[in-house]
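For reference, the structure is listed below as structure tokens.
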Amino acid sequence: MKPWERVVFGLIALSVLAAIGVKLHELDMPVARFVRSFDIDELNRLGDLVALPGQGVVVVGAFALIALIGWRRQRDQLAPMTFSMAGLIERVRTWWPQRDQLTDIGARGLLAQLSVAGAIQILKHLIGRPRPRFAHGDELVLGPSLDSGLDSFPSGHAANAFGAATVLAWFFPAVRVPLFLVAGLVAVSRVLRGSHFPTDVWAGAVLGVVIGSMAAVGLKRWPNDALPDLLRTYVPVAVSTFAILWVLLHPAPAWSHEIISLGVGIALVLAGGLVRGLAWTYLEGEDKGPLRIFGRLLLVVGVAVGCAPWWAAALLVVVLAPLGLAGLHLERAPAPTSVHPWATMPVWRREALAVGTALVVLAALRSAQGLIPIG
């Protein structure tokens, strides 16, 4: 990415995340009242168990253990240290450049957790938001405080879990989905347990991802490496997750509005499949990227328009459109020699499956609308 593209995408990401936070605030008190309406011991114990990966002591202990294992492996590989000042200086000078990967993961994870803990404690007591059990009205009470119970925003568990997941996902990208799934479950458990509002865990998750990325790649490389990765991966996922949450928590609108959005969404999905199919009709050597990117964008936005409110679909467009434009400038590698099973399938049958999958997702989300009607 060019420097100006990183600046533009960064501003877009901050604007989108701020918009989600503003809309998510509308769910804070309804969710708190919903959680207060039931008190099941088994569910509370399950919530406490799920929240364990977000406890600071647990996460710090895990990264410290990883660093210790890496240090022991590295100690066996390095030359024996001579017991002199010169030998000590040489060991310190060569230790970090020759560090084991586990040492690197542990050290960066500990740095992330310490940074998260410092930022969280400052924000908690500077903002002083009451926890759900101490909030009895819809008014937003804020103000610096050191009192217990006035430390709801942001969620430390969510920040710890997402910070750790970000560090581990940087080293092991193949398992980033289960890592962030576990972090998401930690955040959800804090809301269902009645310990935090939705905006608390949202802010904690964003803070954890940002600090975790800085710790994983370093401050010097962060604007060049981690920021584009955040924009390309996490922000669209965050918008999609929020849109799904909104659908589940809000009943369907009036049928006149619903049938219009559903019709427009289905039309966009069909148009996306058509555009993607047309891309395969290009002659050999012609760039198929623009049509395929545009078709994929139509599929995703069509699903959002068909089941989510218009502003959620607009947020998806704002996030995905610039990333799609950036993808047009990427150099594409030549086709691999091994033929993928999908490549042997006729073009229109393959695109029909893609359209069918999008319509199934749209139908599933539409049927789940208002499944937990608290709004």
Side-chain angles (χ1 to χ4, degrees), residues 1-25 108 111-113 115-116 118-120 122-123 126-127 153-155 158-171 173 176-177 179-180 183-184 187 198-243 245 289-290 293-294 296-297 300-301 304 311-331:
M1 279 188 177
K2 298 178 181 178
W4 71 268
E5 290 179 331
R6 289 195 292 269
V7 172
V8 172
F9 287 4
L11 293 176
I12 290 175
L14 290 176
S15 301
V16 169
L17 294 177
I20 292 178
V22 171
K23 295 301 294 184
L24 198 62
H25 176 62
R108 294 181 185 276
L111 176 61
Q113 292 305 306
S115 302
V116 165
I120 286 294
I122 292 175
L123 291 174
L126 185 63
I127 296 174
F153 185 94
S155 168
N160 291 334
F162 276 91
T166 302
V167 172
L168 294 174
W170 184 263
F171 288 94
R176 67 170 59 189
V177 172
L179 287 172
F180 283 102
T199 48
D200 299 339
V201 299
W202 169 251
V206 172
L207 188 65
V209 169
V210 172
I211 293 179
S213 298
M214 290 181 176
V217 303
L219 289 176
K220 291 183 178 180
R221 294 173 55 202
W222 188 76
N224 296 326
D225 296 327
L227 183 57
D229 188 62
L230 285 172
L231 296 173
R232 192 176 299 112
T233 305
Y234 303 134
V235 176
V237 171
V239 176
S240 302
T241 303
F242 171 67
L245 176 66
I293 291 175
F294 184 61
R296 192 178 302 118
L297 177 63
V300 176
V301 174
W311 49 262
L315 286 180
L316 265 179
V317 172
V318 169
V319 172
L320 294 177
L323 298 179
L325 292 176
L328 298 180
H329 304 295
L330 295 178
E331 295 185 2

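Keep in mind it's a predicted model, so treat the numbers as computed, not measured.
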Check L179 against A169 and note the closest heavy-atom contact, atom names and distance.
CD1-N, 3.6 Å
Output, in order, the C-alpha distance, side-chain angles, deciding distance and verdict of side-chain contact (heavy atoms from CB on, under 4.5 Å) for F162 and L207.
CA-CA 8 Å; F162 276 91; L207 188 65; over 6 Å; no
What's the separation between atom CG in L245 and atom CH2 in W202, rounded to the nearest 0.5 Å?
10.5 Å
Exercise: identify the closest heavy-atom pair between A187 and V201
O-CG1, 3.5 Å
Close aromatic pair by centroid cut-off 6.0 Å: Y234 and W170:
no
Taking every non-hydrogen atom, the tightest pair across I211 and A112
CG2-O, 3.8 Å
Exercise: identify the closest heavy-atom pair between P154 and G204:
CB-N, 3.7 Å
Indicate yes or no: at least one non-hydrogen side-chain atom of N160 is less than 4.5 angstrom from one of I120.
no
Measuring from atom CG of L315 to atom CG of L320, what distance do you get when rounded to the nearest 0.5 angstrom?
10.5 Å
Which heavy atom in F153 sits nearest to a heavy atom in T199, and how many Å separate them?
CE1-O, 3.5 Å
Smallest separation among heavy atoms of G212 and V167, with atom names:
O-CG2, 3.7 Å
